Engineer: 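Got a structure for you, questions after.
Only a predicted model underlies this, so the values are computations on that prediction, with no experimental measurement involved. The figures here come from the full heavy-atom set of this structure, side chains too, leaving out hydrogens, waters and symmetry mates. First the proteins, then the strands, lettered A, B, ... as listed; each starts at 1.
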Number of protein chains: 2
Amino acid sequence: MIVLDYRDKRPLYEQVTEKLAHLIIRGALAPGEKMPSVRQLALELSVNPNTIQRAYAQLEQDGYLYSVVGKGNFVSETFEWKIGKLKELKKELTALISQAQTAGMTKEDIIALISDIYSRADHKEELT
Amino acid sequence: MIVLDYRDKRPLYEQVTEKLAHLIIRGALAPGEKMPSVRQLALELSVNPNTIQRAYAQLEQDGYLYSVVGKGNFVSETFEWKIGKLKELKKELTALISQAQTAGMTKEDIIALISDIYSRADHKEELT
DNA sequence: TCAAGTGTATCGTTCGTCTTAATACAGTTA
DNA sequence: TAACTGTATTAAGACGAACGATACACTTGA
């Protein structure tokens, strides 16, 4: 199901989080589906249950799944994590734009920058 | 000239960097002016010369000043650091907006967000 | 020329935080 | 109630950031 890379310098829980998130985003794990238990997945990956627990906690934080004590972890509906991701990005964008304006960028500067980025993206989309 | 706050959890070199940057931005240190030497400022602040050195290196990286071996550190022309800051912000903004659009935010969503941020900032400016 | 000033590079110690694990606690269900 | 779930606490180890001691390299003026 998942293979960990011990040459990867990132922590184990982060690798697990990322790979599970990918499976959910791609639809390999359907909404409502039951995730493997923390102990079971820990056994499969030869890792401490806490490591899986931390990955699951992060995925819950990001809206990808929800947990029920005594029952297990389950994949959330798609819109859940999309909303979560948007909120996160909005937060970061706000902070960055605040910096930008204190540094002297005008509103128009930023809008022009955004238009530029989006126009390039439109070209890419034509290829998909 | 500068007072360090040891209750502040941020590292000393970061405090020094920030406060010197403020002095430069506000014009208290004029372009072309000679900065105190690393050893001299280190003495004044009762801190290791390396700490000041690191602050100066950061300020040079950000375009606030330039150094000449054997002579000293000097405040850069204003446009130098403005350009540097803008480039940095543009880079971060580009990366973040790319993420935003892959996450489903539309161009209009982002522009609305920016307008919101700027309108709040305008209110603040009226008070200064 | 050389002493005294300047910036810079290297190295080691300390200290905090991050990561992971061991273990115990708590809820659910057949 | 046994066997499964998730969760909380604590400790140990690794790692990196911050700072300082020290030596190196360049410039200037007496």
Engineer: Do the side chains of A:N73 and A:Y66 get nearer than 4.5 Å, heavy atoms only?
Structural biologist: no
Engineer: Output yes when B:R10 and B:E18 qualify as a salt bridge under the 4.0 Å nitrogen-oxygen rule, no when they do not.
Structural biologist: yes
Engineer: Side chain of B:P11, heavy atoms from C-beta onward: which of D:dC24, D:dA18, D:dT5 has the nearest atom to it?
Structural biologist: D:dA18
Engineer: Without decimals, in angstroms, what is the distance between A:N48 CG and D:dT7 P?
Structural biologist: 15 Å
Engineer: Is A:S67 near enough to D:dT5 that one of its side-chain N or O atoms lies under 4.0 angstrom from OP1 or OP2?
Structural biologist: no
Engineer: Just by modelled atom types, is the A:D62 backbone N or O under 3.5 Å from a matching donor or acceptor in the A:K85 side chain?
Structural biologist: no
Engineer: Return the value, rounded to whole Å, for the distance between atom CD1 of A:I52 and atom P of D:dC4.
Structural biologist: 18 Å
Engineer: Which of these nucleotides, D:dG20, D:dA23, D:dT7, is closest to any side-chain atom of B:N50?
Structural biologist: D:dG20
Engineer: Return the value, rounded to whole Å, for the distance between atom NZ of A:K34 and atom C1' of D:dT5.
Structural biologist: 7 Å
Engineer: Distance check needed: D:dA8 P versus A:E60 CD, whole Å only.
Structural biologist: 10 Å
Engineer: Under a 3.5 Å distance rule, please check whether B:T51 uses its side chain to pair with a backbone N or O of B:Y13 as donor and acceptor.
Structural biologist: no
Engineer: Apply ring pair (Phe, Tyr, Trp, His ring centres under 6.0 Å) to A:Y56 and list each qualifying residue two or more places apart in sequence or on a separate chain.
Structural biologist: none
Engineer: Does D:dT5 have its OP1 or OP2 closer than 4.0 Å to a side-chain nitrogen or oxygen of A:S37?
Structural biologist: yes
Engineer: Could you check how far CD of B:E14 sits from C1' of D:dC19, rounded to whole Å?
Structural biologist: 14 Å
Engineer: When you match B:K71 and B:L12 each to their closest nucleotide on DNA chain D, which lands nearer the 5' end?
Structural biologist: B:L12
Engineer: Give a yes or no on whether the backbone of B:D5 and the side-chain of B:Q15 come within a donor-acceptor separation of less than 3.5 Å.
Structural biologist: yes
Engineer: How many whole angstroms separate atom CZ of A:R39 from atom C1' of D:dG6?
Structural biologist: 7 Å
Engineer: In whole angstrom, what separates A:Q53's CD from D:dT10's P?
Structural biologist: 17 Å
Engineer: Less than 4.5 Å apart, side chain to side chain, heavy atoms only: is that true for A:E44 and A:Q40?
Structural biologist: yes
Engineer: Tell me which of A:R54 and B:V68 sits closer to the 5' end of DNA chain C, going by the nucleotide each one is nearest to.
Structural biologist: B:V68
Engineer: Walking along DNA chain C from 5' to 3', note the first and the last nucleotide with an atom under 4.0 Å from a heavy atom of chain A, and give both.
Structural biologist: C:dT19 to C:dT29
Engineer: For A:L41 and D:dG6, give me the distance from atom CG to atom P, rounded to whole Å.
Structural biologist: 10 Å
